[in-house]
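Since we're looking at a predicted model, the values are computed, not measured. Note that ligands are numbered from 1 as they come in the structure, with each ligand's atoms numbered from 1 the same way.
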Amino acid sequence: MANADLRTFLDGLGDELIRVREPLSPKHEVAALLKQAQGRAVLFEQVPGFPGVRIAGNLLSSRRLAARALGTTEEGLIDAYVARSGQGVPPVRAAEVPVQEVVHRQPADVGALLPLMTHHEQDAAPFLTCGMVLARDPATGMRGMGVHRMMYKGGNRFGILLANPPLSLYLANAEREGKPLDVAVALGVDPATFIASIVKTGPLGPDKMDIAGSLGGAPVELARALTVDVDIPARAEVIIEGRVLPGVREPEGPFGENTGAYFTNRSPVIEVSAVTHRREFIFPALVPWTNDVDTLLALAGGAELLGQLKGLVRGVVDLELVPGTSSFAAVVAVKNCPSHEVRRLIHLALNLDRRLKVLTVVDDDVNLRDPREVAWAMSTRFNPERDTVIVGGTEGYIIDPSTAGGSGSKIGFDATRGAGAQFDKIAMPPAAVARARAVLSAIDKGQA
Ligand SMILES: Cc1cc2nc3c(=O)[nH]c(=O)nc-3n(C[C@H](O)[C@H](O)[C@H](O)COP(=O)(O)O)c2cc1C
């Protein structure tokens, strides 16, 4: 198994883990340090007001960390993800349940138990940004989970944004019967399970716990929650149990979203029935609109979409979700793909992914991870009148400020050179490049 739990993952990082001994406040200060230290995992060893508690963040803020999370190499990351996410390793019953070492039933003040974090300047309250929310479909009994951010409203109440399936469907099914939806929020799970929780699965599955087992290389150990009808990962650091109240919607936000913009909404409300945790628990942090979000989306969104497109259009080579765009923008590279096929590819991609809004297609001689190269293809191979595809009347994605409250539209750019184009990209002879690299490397070593 890659990592049995969050602790194993952190232990495995050794000296790569930044340990912060300065007692930084969960209000703004922890988030500010994490933003400055992108790319490096951080453990805050002292949290003011919470003796014995630590906060861990930036856990997936680089491909290197994501590779560690899956127990693979950086180069093999996407292939490992694709190969494993298609398989399933079902969960097992846990022999022991560390996350229930300490139990608080009917807590009056959850904010006194957990170091809830405030991230951005205009955030209305502390928000849980990396809660893995687990529930059962009242209609089918099927298990589902997703990452859903939660606004702390004081006492035992949280707002929750349930904008995506499967949990949005489970709530709709519960509300149809006028019943609350039992939920458990797992905080501080092993990173492979966390990644699995945001994989896109259809309404009929597969079970994301099976994907978690497959990504992590061993079955997830599950136990019963104490006050709700939900299975929980036994080796999480913290569990919040509660019920989403039927028919209730309250103002939520402003909240600095993964889009990089503040967002407000009217959202469902959870009443907490229990908080359980390990004795000296590690609280997880995920700062919105950072590399962590890019990595999560690159795996659970980008790798998935690439796999689908490869199966549908000949010549698709690679795909990159543009960092910082909350997966609204992507670049696809193709090889020997005629213009009509590029057009089909654009329509397919924009329709397969609800969130994808801006797609650029380039040839495979363009490095799709280098904004300079993509801009070059757009400037020299793209002819706006001929090479633009616009799809109108699409769903306005809830957190996209440009579609707030209305419908959306999507656009595709064919920045491939097209048939008959005579202009080759300039390049230097590979032998000269190799020699230049060797000479420079020798100079660097001599100066080191
Ligand atoms: C960092 C992060 C935060 C998310 N926050 C929310 C959220 O607050 N509300 C929500 O409904 N979905 C949220 N999602 C998406 C859900 O977890 C979703 O279930 C998952 O991505 C499945 O994809 P699908 O909705 O396209 O099927 C978030 C995803 C990520 C990566």
Side-chain angles (χ1 to χ4, degrees), residues 31 34 57-61 66 69 85 117 119 123 127-135 137 143-152 158-172 181 183 185-187 189 191 193-209 211-212 244 249 252-270 284-305 308 321 323-328 330 349 351-357 394-395 397-400:
L34 289 172
N58 286 2
L59 304 178
L60 293 169
S61 63
S85 64
M117 271 170 276
H119 303 85
D123 283 0
F127 274 78
L128 284 175
T129 54
C130 51
M132 192 178 94
V133 186
L134 304 120
D137 184 355
R143 176 168 48 216
M145 58 184 181
V147 175
H148 296 268
R149 60 98 188 299
M150 294 164 52
M151 172 180 170
Y152 184 51
F158 284 89
I160 179 166
L161 181 68
L162 289 174
N164 284 301
L167 266 67
S168 56
L169 300 177
Y170 297 180
L171 178 63
L181 179 71
V183 290
V185 185
L187 293 153
V189 292
T193 302
F194 188 65
I195 294 168
S197 72
I198 61 149
V199 172
K200 288 175 200 191
T201 54
L204 300 175
D207 188 336
K208 291 188 189 179
M209 279 298 176
I211 299 175
V244 185
R249 299 292 183 273
E252 188 213 347
F255 171 62
E257 254 293 355
N258 292 319
T259 57
Y262 288 105
F263 175 81
T264 53
N265 194 39
R266 290 188 67 79
S267 299
V269 172
I270 297 181
L286 188 154
V287 183
W289 202 40
T290 53
N291 297 2
D292 285 64
V293 179
D294 294 337
T295 309
L296 281 162
L297 294 171
L299 291 173
E304 293 284 327
L305 183 59
Q308 287 174 303
L321 293 179
T325 67
S326 197
S327 79
F328 296 170
N351 282 292
L352 281 169
D353 191 308
R354 288 192 297 140
R355 282 165 234 178
L356 181 59
K357 187 168 83 172
T394 57
E395 175 193 359
Y397 191 61
I398 185 166
I399 61 169
D400 176 356

query: What is the nearest protein non-hydrogen atom to atom 19 (O) of ligand 1, stated with its residue, atom name and distance?
result: P165 O, 3.4 Å
statement: Note: ligand 1 atoms sitting under 4.0 Å from heavy atoms of R354 are 24 (P), 25 (O), 26 (O)
statement: If you scan protein heavy atoms around atom 27 (O) of ligand 1, the nearest is K200 CG, 3.7 Å
query: Can you tell me the protein heavy atom closest to atom 5 (N) of ligand 1 and the distance?
result: V147 O, 3.3 Å
message: If you apply the rule salt bridge (charged side-chain N to carboxylate O under 4.0 Å, His left out), what do you find for R149 with E252, and how did you get there?
response: CA-CA 11 Å; R149 60 98 188 299; E252 188 213 347; 2.5 Å; yes
message: Could you identify the single nearest non-hydrogen protein atom to atom 10 (C) of ligand 1 and state the distance to 0.1 Å?
response: H148 ND1, 3.0 Å
message: Starting from atom 9 (N) of ligand 1, what is the nearest protein heavy atom, named by residue and atom, and what distance separates them?
response: L161 O, 2.8 Å
Atom indices of ligand 1 within 4.0 angstrom of A163 heavy atoms, with elements: 10 (C), 11 (O)
query: In the protein, what heavy atom is nearest to atom 29 (C) of ligand 1, and what distance, to one decimal place, separates them?
result: I198 CG2, 4.0 Å
task: Please determine, by modelled atom types, if N265 and R249 share a side-chain donor-acceptor pair under 3.5 angstrom.
output: no
task: Evaluate the side-chain contact (heavy atoms from CB on, under 4.5 Å) criterion for residues R354 and K200: first the C-alpha distance (whole Å), next the side-chain angles of each, then the deciding distance (0.1 Å), finally the verdict.
output: CA-CA 11 Å; R354 288 192 297 140; K200 288 175 200 191; over 6 Å; no
message: Test of understanding: with ring pair (Phe, Tyr, Trp, His ring centres under 6.0 Å), list the residues that count as partners of F255, not counting sequence neighbours.
response: F127
- request: Give the atoms of ligand 1, by number and element, whose distance to some non-hydrogen atom of N258 is under 4.0 Å.
  value: 1 (C), 2 (C), 3 (C)
task: Could you tell me whether the side chain of D137 reaches within less than 4.5 Å of the side chain of L169, counting heavy atoms only?
output: no
field: Flag side-chain contact, heavy atom, 4.5 Å: M150 against L161
entry: no
query: Which is it for C130 and ligand 1 at heavy atoms under 4.0 Å: side chain, backbone, both or neither?
result: neither
- prompt: Does ligand 1 have an atom under 4.0 Å from some heavy atom of R355?
  reply: yes
message: Return the closest protein heavy atom for atom 15 (C) of ligand 1 as residue, atom name and distance.
response: N164 ND2, 3.5 Å
- request: With the side chain counted from C-beta on, respond yes when M132 and T193 share a heavy-atom pair under 4.5 Å apart, and no when they do not.
  value: yes
- request: Indicate yes or no: at least one non-hydrogen side-chain atom of D400 is less than 4.5 angstrom from one of F328.
  value: yes
Where ligand 1 meets G146 - atom numbers and elements under 4.0 angstrom, heavy-atom basis: 17 (O)
task: Could you name each residue pair satisfying salt bridge (Lys or Arg N to Asp or Glu O under 4.0 Å) that touches residues 291-300, not counting sequence neighbours?
output: none
Name of the residue among L286, I195, T290, L299 meeting side-chain contact (heavy atoms from CB on, under 4.5 Å) with L60: I195
query: Against heavy atoms of L162, which atoms of ligand 1 measure under 4.0 Å?
result: 11 (O)
task: Starting from atom 8 (O) of ligand 1, find the nearest protein heavy-atom neighbour and note its residue, name and distance.
output: R149 N, 2.8 Å
